Amino acid sequence: MDDIAKSVPVIDIQWIRDWKKLRSSDSDHDDFVPSLPPVMATSAISSSSGAEILNRRFKDLPPEELQFDDEIARRREAEANVDIAPGFINSKYECLRPTPYEPKYNRKLVSLLLLLERKRHLDNEPKRSLSYRHAISAIKAYPREIQSSKEAEKIIGVGKKMAEKIKVFLHTGTIEEADKLRYDEQFRTLSLFSKVFGVGVTTARLWWDMGYRTLQEVLASAKLTAAVQLGIELFPDFDQSRGKTKNGDVDLIISSKRPDNMKGFLNKLTRRLIEKNYLKHKLWNSTEIKKISHLERPSAGARQVFDSFEKPSTGIRRQVDLICVQPDELGTAILGWTGSKQFERSIRDYAKKEKNLLLNSQAMHLEQNGKRKKYVVHSEKDAFDMIGIPYLEPELRNC
DNA sequence: GGGCAATTCC
DNA sequence: CGTAT
DNA sequence: GCCC
């Protein structure tokens, strides 16, 4: 999952309606797929812009833009010891407060902290990266401009070192370490490499250390697994910096009230979708076998990742995750796949630490004196109620 | 100083 | 089987 | 890097 809670509809919903119509009139899997006009498959899609990104070399390129930056970095009165903003839910649990996708206040500060978080991530310092994520999340949700580092340090998640950086920001309008990263070839190259499907910070750095500076060079010279090679070739289609929509991947969670019908469903469905050219490549798949007291139950979160045509007529390609779940897993599956990533970490952390509830995308369990009791979660709302926290719309889970 | 979400695949 | 993703 |  990405760090953005997905709320933008990016596929033709009619496609799903047709599917539902057909499904209700017939129980044979092979007829689940609606008949739509066949797709004109072409490999020339976006290849002109694709060549650009594959050959992008950051040396001497203009600096990376800040994510949010309409703020005039004005100088504040030094170190006003004001109270924390009224109404702000000051907690270490991000899931307790609404967090917008774009901050209203402190936008440049958030942009700079995001650079530092990414730097820690690329340097393989996941815990420091997490710390920045906590602080960024809190500041994104903070309901007014921060006036001083003293005020900032009252925010749970902002400690001494972060407050010092904020102090410098308030006085100079920037944070030097962060601003430098915008021009840093290694930082920008590692960022690009690690956006490829199947590539994390380790592989990204390996490629850098081998001397590669563009994806094209990697493609030409590095020995790649088939999946990673596909990841690079599809990269131009998935490139998120292009186009208007923030993020384009689609998660479809599929369930049936008659689980016995679901055996082999995902494979059948994807085979048909590939035949009809809705899906192009299988990037990844997982078929989980749950072991329950010696019995093997095929289940929970069988998942396949594809790239597909968003809308046959446009030829625009999207990443599609197909997730097949048991009916009693539907509530937790939707909650778990809606994100954001940090929201999921937070709500699971809260549930466990504060309520002894173990939460994952398959189930919720109450743990008391060494025993686990399973609760069925029927909906997202249900999950919030059971955990005992106020419901948050998906659009406000952008922790 | 321990913990930081939970889980799978290759 | 341990590590990376 | 921060909280408990």
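Sequence lines set the chain letters: A, B, ... in the order given, protein chains first and strands last, and positions in each chain run from 1. Just so we're clear, the structure is a prediction, and the values are computed from it rather than from any experiment.
- In this structure, CZ of Arg348(A) is placed 8 Å from C1' of dT7(B), rounded to the nearest angstrom.
- Across the protein-nucleic acid pair, Gln342(A) atom CD and dC2(D) atom C1' stand 13 Å apart, rounded to whole Å.
- Listed nucleotides dG1(D), dA6(B), dC4(B) differ in distance to Lys352(A); the shortest reach to its side chain belongs to dA6(B).
- Every residue meeting the side-chain contact (heavy atoms from CB on, under 4.5 Å) condition with Ser361(A), not counting sequence neighbours, appears here in chain and number order: Trp337(A), Arg348(A).
- Between the side chains of Arg118(A) and Ser191(A), at least one donor N or O sits under 3.5 Å from an acceptor N or O.
- Distance Lys127(A) NZ to dC3(D) P: 16 Å, rounded to the nearest Å.
- Closest to the side chain of Lys92(A), from the set dG1(D), dC3(D), dT7(B), is dC3(D).
- Side chains of Glu94(A) and Tyr350(A): no donor on one and acceptor on the other come within 3.5 Å.
- Chain A approaches DNA chain C within less than 4.0 angstrom (heavy atoms of the protein), and the contacting nucleotides run 5' to 3' from dA4(C) to dT5(C).
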Take Tyr132(A) and Glu125(A) through the side chain to side chain donor-acceptor pair (under 3.5 Å) test and state the conclusion after the steps.
CA-CA 11 Å; Tyr132(A) 276 93; Glu125(A) 301 194 79; over 6 Å; no

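- As rounded to the nearest Å, dT8(B) and dG1(D) have P atoms that lie 32 Å from one another.
- Atom-to-atom, CZ of Arg128(A) to P of dC4(B) comes out at 18 Å; the value is rounded to the nearest Å.
- Sorted by first and then second residue, the ring pair (Phe, Tyr, Trp, His ring centres under 6.0 Å) pairs involving residues 377-399 of chain A (not counting sequence neighbours) are Phe384(A)-Tyr391(A).
- Using a 4.0 Å heavy-atom distance criterion, Thr203(A) is classed as a sugar-phosphate-only contact.
- Summarising the geometry, the separation between NZ on Lys154(A) and C1' on dC2(D) is reported as 19 Å, rounded to the nearest angstrom.
- Contact annotation for Leu359(A): backbone-only contact, meaning every heavy-atom pair under 4.0 Å involves sugar-phosphate atoms and none involves a base.
- Comparing Thr225(A) and Asp349(A) along DNA chain B, the residue whose closest nucleotide (by nearest heavy atom) sits nearer the 5' end is Asp349(A).
- What separates CD of Glu153(A) from P of dG1(D) is a distance of 14 Å, to the nearest Å.
- Side-chain rings of Tyr212(A) and Trp207(A) stay apart, their centers remaining 6.0 Å or farther from each other.
- Between the OH atom of Tyr350(A) and the C1' atom of dC4(B) there is a distance of 18 Å, given to the nearest Å.
- Geometrically, Arg397(A) engages Phe343(A) in a cation-pi contact, judged by NZ or CZ lying under 6.0 Å from the ring centre and within 45° of the ring axis.
- Distances from the side chain of Lys165(A) to the nucleotides dC3(D), dA6(B), dG1(D) place dG1(D) closest.
- dA6(B) atom P lies 8 Å from atom CG of Asn360(A), rounded to whole Å.
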